[in-house]
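Throughout, protein chains are lettered first and strands after them, A, B, ... in sequence-line order, and every chain is numbered starting at 1. Because only heavy atoms are used, hydrogens play no part in the values below, and waters and symmetry mates are left out as well, while side chains stay in.
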Protein chains: 2
Amino acid sequence: MGAPAIPGVMKRGRPRSEQVERAILRAAGDLLTEHGLAAMTIEDVAARAGVAKTSIYRRWSTKGTLALDAFLADFLGSQPLPDTGNLENDLTAALRAWVRTVRGTPTGRALAELIAQAQSDPDLAVAWRERVVGPARAQHRKILEHAVARGEIPDTSDVEVLMDLLFGTAYHRLLQGHLPLTDRFVRRVVAVIVAGAKAGAAAPPTP
Amino acid sequence: MGAPAIPGVMKRGRPRSEQVERAILRAAGDLLTEHGLAAMTIEDVAARAGVAKTSIYRRWSTKGTLALDAFLADFLGSQPLPDTGNLENDLTAALRAWVRTVRGTPTGRALAELIAQAQSDPDLAVAWRERVVGPARAQHRKILEHAVARGEIPDTSDVEVLMDLLFGTAYHRLLQGHLPLTDRFVRRVVAVIVAGAKAGAAAPPTP
DNA sequence: TAGCTTACGCTACGTAGCGTAGTGTAATAT
DNA sequence: ATATTACACTACGCTACGTAGCGTAAGCTA
């Protein structure tokens with residue numbers, strides 16, 4: 001209590017209230033869930049949190065980065081790292097967990113709207129890649145590296161492409177909305193990728 | 001000239017000016033190219049087109065649908081239907097053409113921003129699926145059906161999933177921006193999908 | 001030709017949300 | 001005690017939205 005995280009750079013003046021921070025994130029999360037990102041305004045968040053607008057702007061520069069923090073509070077940890085000793089099972093479990101989290105849920109809509117917002121908000125785009133895309137891919141990379149270690153797929157496989165195939169396909173249906181994210185979809189996507197990877201198609205051709 | 005498209009439902013009063021329509025679409029297309037969709041305003045479009053705002057609202061209900069029409073004027077017909085007699089070559093040609101159109105181009109940014117806008121504009125979302133996603137998929141479906149007809153892949157293959165794999169993966173890199181759309185990426189994505197499809201992984205399992 | 005109807009450009013308006021500034025008070029370190 | 005920063009509150013100027021009213025223009029119908 002009151003002890004500085006880093007002695008010597010102790011801040012002077014009144015410290016920022018953690019309670020204010022929590023109230024803002026909670027209000028933003030609620031509004032994100034109830035009405036979506038596009039309909040969420042900073043003024044609404046402030047009113048709902050019982051906080052002044054300036055207390056929000058002091059912490060976040062754009063609506064997108066605020067929404068990202070509110071989103072991560074709910075989203076982090078919902079994506080497991082399966083390790084069954086079988087690539088197809090692991091990928092199926094990972095994609096199924098993702099589908100369960102996003103299909104027809106406020107989380108799914110928030111996910112889509114955050115990606116949308118990032119197309120015109122460079123700050124959010126950077127934060128999104130660093131705090132969502134990066135960590136998620138690190139998880140999925142492990143699944144593929146385990147498969148390489150087991151000899152299921154060639155060690156020259158382009159794991160980045162394989163990850164793009166798996167989740168790019170799923171994000172496609174989420175964002176375009178042309179077809180539903182069914183379990184059959186999950187199984188077939190995984191089956192094609194695993195078959196292709198095992199055939200060495202994700203590796204450089206050996207002439 | 002002056003003849004009604006459907007006799008009997010001849011409109012009364014002053015007809016809408018095609019010149020106004022063209023001026024609006026041209027101005028919207030220019031602004032979309034120069035500044036992007038997020039920065040484009042109806043007022044700017046009106047000013048640039050030398051037209052009243054009401055003349056725009058009379059024709060389009062939202063910025064998104066206007067931008068879609070402006071976008072299609074430039075985008076339509078840029079995606080060829082390759083038919084070389086070989087699935088891998090056809091898919092590679094199709095994806096390469098798409099990459100060439102979108103990578104580092106205003107068209108690519110407009111594409112991303114339209115998908116973004118569709119996440120919070122239901123009218124645009126419907127129009128997008130009907131006028132962009134639908135026609136594009138119809139093209140790509142032919143490529144896969146030709147491969148089925150040639151016996152390259154099983155006739156039970158889930159062509160919808162295969163299309164999602166091909167373009168979903170590419171859209172993923174466009175929208176997330178985590179990795180570039182290189183030609184090696186194109187070749188590996190196609191190789192995995194073709195290998196998987198030929199192995200029957202996109203078809204229902206035969207017990 | 002006269003009359004009806006709709007489109008058009010123009011100006012003006014009310015609304016919403018943005019991001020900032022000013023004020024007085026509260027909380028902490030020196 | 002004093003300096004410094006955070007906070008709530010109020011107010012402000014700004015931008016863009018979407019609509020309304022006006023007079024004029026351009027077609028049809030009688």
Discussion item. Distance check needed: C:dA7 P versus B:E18 CD, whole Å only.
Written reply: 14 Å
Worksheet entry | Options D:dA8, C:dT20, C:dG9, nucleotide nearest the side-chain atoms of A:V20 | D:dA8
Worksheet item: What nucleotide, of D:dC9, C:dC18, D:dG18, holds the atom closest to the side chain of A:I42?
Response: C:dC18
Worksheet item: So which nucleotide from C:dC10, C:dC8, D:dC9 ends up closest to the side chain of A:T54?
Response: D:dC9
Discussion item. Would you say CZ of B:R184 has more than 12 non-hydrogen atoms from neighbouring residues, nucleotides or ligands within 6.0 angstrom?
Written reply: no
Worksheet entry | Electrostatic pair A:R100-A:D183, nearest N-O below 4.0 angstrom | no
Discussion item. Distance check needed: D:dA16 P versus B:L31 CG, whole Å only.
Written reply: 12 Å
Worksheet item: Atom CZ of B:R58 to atom C1' of D:dG18: distance rounded to whole Å?
Response: 13 Å
Practice prompt. Quickly work out the A:K53 NZ to C:dG22 C1' distance and round it to whole Å.
Written response: 14 Å
Worksheet item: Where the side chain of B:R59 is concerned, which of C:dC8, D:dG27, D:dC9 is the nearest nucleotide?
Response: C:dC8
Worksheet entry | Parallel, tilted or perpendicular: ring planes of A:F75 versus A:F71, cut at 30 and 60 degrees | parallel
Worksheet item: Nearest-Å distance, CD1 (B:I56) to C1' (D:dA16)?
Response: 13 Å
Discussion item. Ignoring hydrogens and geometry beyond distance, is the side chain of A:R12 in donor-acceptor contact with the base of C:dA29 at under 3.5 Å?
Written reply: no
Worksheet item: Do we see a donor-acceptor contact under 3.5 Å between the side chains of A:D123 and A:T62?
Response: no
Item to complete: Measure from OH on A:Y57 to C1' on D:dC9 and round the result to the nearest Å.
Response: 16 Å
Worksheet item: Nearest of C:dG19, C:dG9, D:dA16 to any side-chain atom of B:E43?
Response: D:dA16
Worksheet, complete the sentence: Ranking D:dC7, D:dG27, C:dT20 by distance to the side chain of A:R16, first place goes to D:dC7
Item to complete: For A:S17 and for B:G13, locate the closest nucleotide of DNA chain D by heavy-atom distance; then report the residue assigned to the nucleotide nearer the 5' terminus.
Response: A:S17
Worksheet entry | Under-3.5 Å donor-acceptor pair between B:R14 side chain and D:dA26 base | no
Worksheet item: Side chain of A:R173, backbone of A:T169: donor and acceptor closer than 3.5 Å?
Response: no
Worksheet item: Do the side chain of B:K11 and the base of D:dG27 come within less than 3.5 angstrom through a donor-acceptor pair of N or O atoms?
Response: no
Fill in: Nucleotide C:dG19, atom P - distance to CG of A:L66 in whole Å
11 Å
Worksheet item: How long is the line joining CD of B:E21 and C1' of C:dT6, in whole Å?
Response: 15 Å
